[in-house]
Amino acid sequence: MPAALVARLAPYARRFRPRYPRPGRTGWRRWAPSGRQWLGIASTVIGLSGLLLGIAYAATDIPKDLNSYATQQDNVFFWSDGTPMARTGWVQRQAMPLKDIPEDVRWAVLAAENESFYSDAGVSFTGITRALWRTVGRGDTQGGSTITQQYVKNVYLNQDQTVSRKFTEAMLALKLDNRMSKDAILEGYLNTSWFGRGTYGIQRAAQAYYGKDVGELNVSEAAFLSSLLKGAGLYDPTLSAANHKRAVERWNWVLNRMVKIGKLSPSARAAYRTFPEPLKQNPLYDTGEQSDYLVELASQYAQDAGHLTAREFDLGGYQIYTTFDRKREAALDAVVAKARRKAQQAHPEEASAAHYGAASVAADGRILAVYGGPDHRKQGFNESNAATVPSGSAFLPFVYAAGLEHGAVKRRDAPREQVTPQSLYNGDDDVPVSTPEGPYWNRSGKKVSAHNDGRKSWGRITLRAALARSVNTPFMQLGMDTGLDKVKQTAQASGLLSSSMGPQVPALSLGSSTPSAIRMASGYTTFAAAGQHTEPYSVRHITRNGSAVRLDVPDARRAVGAQVAGEVTQALTDSFRSAHPGAAPAAAAVSGKAGTTADDTAAWYVGTARAVSTAVVVYRMDLAKSLEPLPLKGLAGSATDGVPYDIWAGAMSPLR
């Protein structure tokens, strides 16, 4: 029987047998397969593909355990002594039954992500083809997933963008679509998807962005929340102007899509013309406590230095060991709170717009304590990390260091000459600034000159004495002699950010730059560390479920010479001793300097003791009206015995 069957099939098989070169053909056609042969090849490929897919489908089992993406954990933050400081993430996920999620909300998501959800087989074959093409051609597998596939990825698979993961996702989606109802899949998807701001699930997203339960959302708000499924980092409008633009465009598109698929009437759509702006901050996250500012700093640093995406970090399970010193933090909080109460009693009108920023940084870069604001719920930005007001005369040490490091050029084509602490400069008030070519003229055609506090003239004065007594005029001229580019370079090498540096004009030397309290403290630690600078950092170690996470910790690098740093420290010690005699024992290594601005809009005190530098700034700004600093009007006291110094002394106590 088999032989007879073979004999009967042989004539047909011979038709598909390649014969090359093919008779009766010319040119390239002599070597091309015939139509029958192409048909045979195609049939074989399709048959084998179907067989392999069938085998793969049968061999794919739905996992019994959900993955970590469906079981978000806490992130735990620790003080520098190893004791717990704060937890985040434990209230950021709450499952909601589908019946409690309004139909408009469901269809907003379906219109945005998968309008054919209730009729498809759980996979998008065109989407898979497109994803595979992108993987081969451009190295990613984005796009084309149905809601069933996304749900499978959320709860069963990892987030790796690979062909194998995409194939497994499709097989699981097909099988899941046959075993679960569409409503059950949609419910699971809405409860496990990431919406940014540390939230998983539509219920927590509604609370995080609108401060309401999902059942209270209108279709306009739901359309915005659905846009976050494309990537909250790109569509949260509070993060950037570009995000806001994308969010509005996507929101409009979702609403229009709902009209197109018949799930929103044109008249109802017409009622939604104004973008539903979400809350500025996640109310689930804010406790209002000072620790929120610490968590904010440490979270950002952990993600940057640990190379963690926002999504990975929000999934939780991380133990973040910070550099924050619990005792120093408590002392700083207490002394600022005392200053606030005193200001409210003595200057109630001025105190209503008062702001206080403070930070303590160790010589090795560790951020030990910060004061970020009175209440994180009311003031989300961190005062210690805000580049808001000019540094004023607190910037003079960087000009001094630049002069000592690089020398000065006072005449055209003359070589640089050495600058020492004993170099004499004119300390009189209103001295015109000169360049090697002559007087410096501003754009208005006027000679530029500097002024001292109280318009006092000091005559010829050494640079060391000028820094100790905060005489401005010598340093504006020293900045010109040294070169404003070198002043800027020295300040940045010492820790100030280029983004906060003022214009490269003579006023740069008198503190037109706007560094944060953290950066000012970091800059002064450079002098205490013999000229070595270490970038400030707030996290020293991270683990996840017992395993260490690779963390980039900054290394020390040379900013200025050790001798230069020593000379600056000596002048700052003179400044502290002359302004506050008896405030510290004679043998104590304490240095510091007040900082004021010409327009009386900011008052600083920055100083160092026991290899820790603390910077304090006080200013006034009515955030409801503008971002322009207001005159202090006596709120910060005098230049030497003012509020910034009192806060600094309280935070650094005991001075020994």
Side-chain angles (χ1 to χ4, degrees), residues 92 104-105 107-113 142-143 190 193-214 216-260 264 268-286 292-293 296-297 299-300 303-304 308-314 372-373 376-383 385-388 499-500 514 621-628:
Q92 300 297 291
D104 279 347
V105 176
W107 275 106
V109 172
L110 292 174
E113 293 294 304
Q142 297 295 324
L190 291 173
S193 293
W194 185 66
F195 288 84
R197 294 193 178 184
T199 62
Y200 282 81
I202 192 74
Q203 165 70 351
R204 287 305 189 207
Q207 294 171 337
Y209 288 91
Y210 290 109
K212 59 177 69 173
D213 289 333
V214 64
E216 300 169 345
L217 292 174
N218 61 40
V219 68
S220 177
E221 294 163 339
F224 160 69
L225 292 181
S226 70
S227 71
L228 297 170
L229 294 167
K230 284 294 183 187
L234 293 174
Y235 290 92
D236 184 341
T238 64
L239 297 181
S240 69
N243 272 27
H244 193 280
K245 180 180 179 181
R246 278 191 291 266
V248 172
E249 291 174 352
R250 183 71 177 172
W251 166 77
N252 270 310
W253 182 87
V254 172
L255 289 175
N256 292 337
R257 194 71 182 170
M258 291 184 71
V259 173
K260 185 175 182 179
L264 184 66
R269 169 66 180 94
Y272 298 112
R273 295 300 178 190
T274 302
F275 180 67
E277 298 287 351
L279 300 173
K280 298 293 184 184
Q281 300 165 2
N282 181 353
L284 301 173
Y285 176 87
D286 295 331
D292 284 353
Y293 295 106
E296 182 180 65
L297 274 177
S299 295
Q300 187 60 57
Q303 291 175 62
D304 291 343
L308 304 171
T309 66
R311 179 172 185 142
E312 289 171 334
F313 193 75
D314 286 344
H376 194 271
R377 292 167 300 187
K378 298 177 181 177
Q379 179 182 291
F381 75 92
N382 189 332
E383 294 277 16
N385 203 31
T388 309
S499 58
S500 70
T514 58
M621 184 180 291
D622 189 342
L623 297 175
K625 296 180 179 179
S626 76
L627 297 179
E628 288 296 319

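Nothing fancy with the numbering, it's 1 onward along the sequence. Heavy atoms only: backbone and side chains are in, while hydrogens, waters and symmetry mates are out. None of the values given here were measured: they were computed from a predicted structure.
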So do the side chains of [X] and [Y] get within less than 4.5 Å of each other, counting heavy atoms only?
X	Y	result
R197	T238	yes
Y293	E383	no
W251	P276	yes
H244	E277	yes
Q207	D213	yes

Locate the shortest heavy-atom distance separating [X] from [Y]; write the atom from each residue and the value.
X	Y	value
A387	S500	CB-CB, 4.4 Å
L225	A205	CD2-O, 4.2 Å
F195	L228	O-CD1, 3.6 Å

Looking at OG of S240 and NZ of K245, how far apart are the two atoms once the value is rounded to the nearest 0.5 Å? 11.5 Å

N/O donor-acceptor pair under 3.5 Å between R250 side chain and A112 backbone: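 Yes, because the side chain of R250 sits within donor-acceptor range (under 3.5 Å) of the backbone of A112.
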
Heavy-atom donor-acceptor pair, E221 side chain to N218 backbone, under 3.5 Å: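 Yes; judged by distance alone, with no hydrogens or angles, the pair exists.
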
Given the rule in the side-chain hydrogen bond (donor to acceptor under 3.5 Å, both in side chains) test, do N252 and R273 qualify, once you have shown the distances and angles that lead to the verdict? CA-CA 9 Å; N252 270 310; R273 295 300 178 190; 5.3 Å; no

Would you please indicate if the ring centroids of Y209 and F224 are separated by under 6.0 Å?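 Y209 vs F224: aromatic centres under 6.0 Å.
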
